[in-house]
Amino acid sequence: MTVRAYAVERAGGPVQRLEYEPEPLGPLEVDIAVTHCGVCQTDIGMVDDMYGYSRFPVVAGHEAVGVVEAVGSAVDGARLAVGRRVGIGAVAGACFACEWCLSGRQYLCPHKDDTVLRGERGAFATRLRASDWRYVQPLPEALASEHAAPLLCAGITVFSAIARNGVRPTDRVAVVGVGGLGHLAIQFLAKWGCHVTAISSTAAKADDTRRFGAHEFIVAEEGLQRAAGSFDFILSTVSADLPWDAYLAALRPQGTLCVVGVPHGAFSVQPLSLLLGEKRLVGGVVGSPMENRQMLDFAARHGIRPAVETFPVARVDEALDHVRQGRARYRAVLEF
């Protein structure tokens with residue numbers, strides 16, 4: 001079975017066709033015929049080698065939706081029958097033997113198979129192989145494929161941050177940044193039952209945030225000081241260096257500032273910003289297979305959908321540049 005992939009040969013280079021023959025299917029593995037794949041900033045980071053560890057040629061893509069094409073001998077065929085519509089996100093497998101896996105925290109497994117870091121085996125391809133069937137998620141019928149794709153990384157990143165940090169329906173929360181992550185975080189938190197404030201650097205997206213479910217909107221430089229002591233939980237989704245002390249000041253005592261975007265520089269925080277109010281500064285990553293299942297069910301039940309712009313795979317260069325330039329409103333999705 002020849003896989004036709006869309007690869008870049010050098011940092012920032014154009015996409016070129018790449019064909020390869022996969023190894024024989026292992027007992028736990030699943031082959032998926034890809035129909036849709038999200039394009040996110042992490043993919044741009046890989047094709048542009050922003051992180052310094054890309055191995056060229058790079059086939060990016062880690063938010064794949066498709067149909068099961070073949071399964072290994074040890075796969076639960078009832079759950080993953082050939083032809084079933086499924087999704088696979090940023091992680092495609094784990095060891096299921098270390099302390100993290102055995103305690104249900106597979107996202108911390110030191111041996112996990114990161115789809116996004118695979119180099120030439122990403123989801124910008126006609127076929128994607130999951131190294132462990134437990135990471136392949138059957139999709140609820142209520143979720144269209146183009147909407148399900150961004151949920152498999154962006155959606156689970158914000159959902160797991162909400163769930164793991166014990167956010168309550170009675171909490172007052174804020175989402176920093178209204179982009180691919182932020183517009184989903186607003187929806188999840190609003191349906192969670194929280195009072196949601198969107199924080200952005202400009203007022204340009206104010207109307208969009210209310211459409212996504214935000215109750216209030218503030219422009220950071222103008223309104224952050226007035227919001228001091230307002231929030232139980234703040235979720236930062238931006239890839240920018242922020243005035244972290246000002247955001248910690250916007251928390252109530254024992255509040256949490258959770259960062260899921262990737263700032264460019266080091267954190268700079270005054271110790272008393274944390275100590276006096278027993279506040280927390282934490283990070284967030286994607287979820288376990290069970291958290292992914294819960295996230296998809298929650299999104300389907302509550303009508304949570306990413307705002308997407310679709311591109312045929314023949315226009316993959318255009319889609320990458322669209323995201324690279326920050327023009328996506330709010331997620332780009334390739335259609336195969």
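Only this structure's heavy atoms are used, side chains among them; waters, hydrogens and symmetry mates stay out. Since this is a predicted model, take the numbers as computed values, not measurements.
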Is it true that the side chains of [X] and [Y] contain a donor and an acceptor less than 3.5 Å apart?
X	Y	value
Tyr135	Asp113	no
Ser273	Asp245	yes
His195	Glu216	yes

Is [Y] close to [X] at the side-chain level, that is, under 4.5 Å between some pair of heavy atoms?
X	Y	value
Val39	Cys37	no
Leu281	Val269	yes
Tyr6	Gln16	no
Ile88	Gln137	no
Trp100	Pro110	yes
Arg280	Asn165	yes
Leu151	Ile156	no
Lys205	Tyr330	yes

Grab the two heavy atoms, one from [X] and one from [Y], that are nearest each other, plus how far apart they are.
X	Y	value
Val308	Pro150	CG1-CG, 4.1 Å
Ser236	Leu242	OG-CD1, 3.7 Å
His36	Val333	CB-CG1, 4.1 Å
Gly89	Thr115	O-OG1, 2.8 Å
Asp297	Pro140	OD1-CG, 4.0 Å
Cys95	Cys98	SG-N, 3.2 Å

Intermediate values then yes/no, salt bridge (charged side-chain N to carboxylate O under 4.0 Å, His left out), Asp48 and Arg324: CA-CA 10 Å; Asp48 290 351; Arg324 187 182 284 117; 2.9 Å; yes

Euclidean distance, [Y] [atom2] relative to [X] [atom1], rounded to 0.5 Å:
X	Y	atom1	atom2	result
Leu152	Leu296	CG	CG	6.0 Å
Phe217	Ser200	CZ	OG	4.5 Å
Glu141	Arg85	CD	CZ	8.0 Å
Leu28	Trp133	CG	CH2	8.5 Å
Ile218	Gln225	CD1	CD	11.5 Å
Trp244	Leu257	CH2	CG	6.0 Å

Would one find more than 12 heavy atoms of other residues, nucleotides or ligands at under 6.0 Å from atom [atom1] of [X]?
X	atom1	result
Glu21	CD	yes
Glu23	CD	no
Glu221	CD	no

Distance under 6.0 Å and angle within 45° of ring axis: Arg252 vs Phe231: no

Within 45° cone of Tyr107 ring axis and under 6.0 Å: Arg164 NZ or CZ: yes

Val68 with Val65, same ILVMFWY side-chain cluster at under 4.5 Å: no

Hydrophobic cluster identity match, Leu248 and Val282, side-chain contacts under 4.5 Å: no

Of Arg329, Arg331, His322, Arg327, the residue whose pairing with Glu309 passes side-chain hydrogen bond (donor to acceptor under 3.5 Å, both in side chains): His322

Distance flag, aromatic centroids of Phe159 and Trp192, threshold under 6.0 Å: yes

Among Arg129, Arg134, Arg121, the one residue meeting salt bridge (charged side-chain N to carboxylate O under 4.0 Å, His left out) with Glu29: Arg129

Intermediate values then yes/no, side-chain contact (heavy atoms from CB on, under 4.5 Å), Val175 and Thr237: CA-CA 7 Å; Val175 176; Thr237 68; 4.2 Å; yes

